[in-house]
Undergrad: 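Take a look at this one; I'll ask things after.
This structure is a prediction, so every number in the text was calculated from the model and none was measured.
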Amino acid sequence: MSQDLARVENEVNFDNNGALLVGAGLAVASMIVLPALAMRLGLGASLTGALRIALMKASNRAASGAYRSSTKTAAS
């Protein structure tokens, strides 16, 4: 019983780490990489802002997906 529980907790942590890594990567891309790339390419401020918003929303979905999957497994 306790071995099964430990295995499930390890799987949840692995899933959370991957989702959090993706979320952090998207956040860094939207805060640092995207503005630098937009400046280099000469994109307008409104297009850059729209792309940043899209990346931050994707980052939030990835990170909150990790939270939801851990709470579903813990409740089971």
Side-chain angles (χ1 to χ4, degrees):
M1 174 79 177
S2 64
Q3 290 175 347
D4 292 336
L5 183 58
R7 185 176 49 83
V8 169
E9 287 177 358
N10 286 339
E11 289 175 5
V12 168
N13 287 338
F14 181 73
D15 291 341
N16 288 347
N17 289 340
L20 291 176
L21 185 62
V22 169
L26 289 171
V28 167
S30 70
M31 298 296 272
I32 297 172
V33 177
L34 182 68
L37 185 63
M39 186 172 57
R40 181 87 166 160
L41 295 175
L43 296 178
S46 60
L47 181 58
T48 303
L51 290 173
R52 285 182 73 185
I53 290 169
L55 282 175
M56 289 303 287
K57 283 184 178 181
S59 171
N60 187 27
R61 280 191 203 130
S64 66
Y67 175 73
R68 278 189 300 237
S69 68
S70 67
T71 56
K72 283 182 188 175
T73 306
S76 298

Undergrad: Can you name the closest pair of heavy atoms from R52 and S30 and give their distance?
TA: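 For R52 versus S30, the nearest heavy atoms are NE-O, 3.0 Å.
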
Undergrad: What pair of heavy atoms forms the shortest contact from M56 to A27, and how long is it?
TA: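 Smallest heavy-atom distance, with atoms named: SD-CA, 4.1 Å.
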
Undergrad: Please tabulate, one pair per line, all N/O donor-acceptor pairs under 3.5 Å involving side-chain atoms of residues 39-48, not counting sequence neighbours.
TA:
from : atom 1 : to  : atom 2 : distance (Å)
T48  : OG1    : G44 : O      : 2.9

Undergrad: Tell me, please, which residues at least two apart from I53 pass side chain to side chain contact (heavy atoms under 4.5 Å, CB included).
TA: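 Counting only residues at least two positions away or on another chain, I53 forms a side chain to side chain contact (heavy atoms under 4.5 Å, CB included) with K57.
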
Undergrad: Tell me who clusters with V28, hydrophobic residues only, linked when side chains sit under 4.5 Å apart either directly or through other members.
TA: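 Answer for V28: M31, I32.
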
Undergrad: Can you name the residues that form a side chain to side chain contact (heavy atoms under 4.5 Å, CB included) with L26, not counting sequence neighbours?
TA: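 Expected list: V22, L55, A58, S59.
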
Undergrad: Hydrophobic side-chain clustering at under 4.5 Å (ILVMFWY, transitive links): who's grouped with V33? Put none if nobody.
TA: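 Reading the cluster by chain and number, V33 sits alone, since nothing else belongs.
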
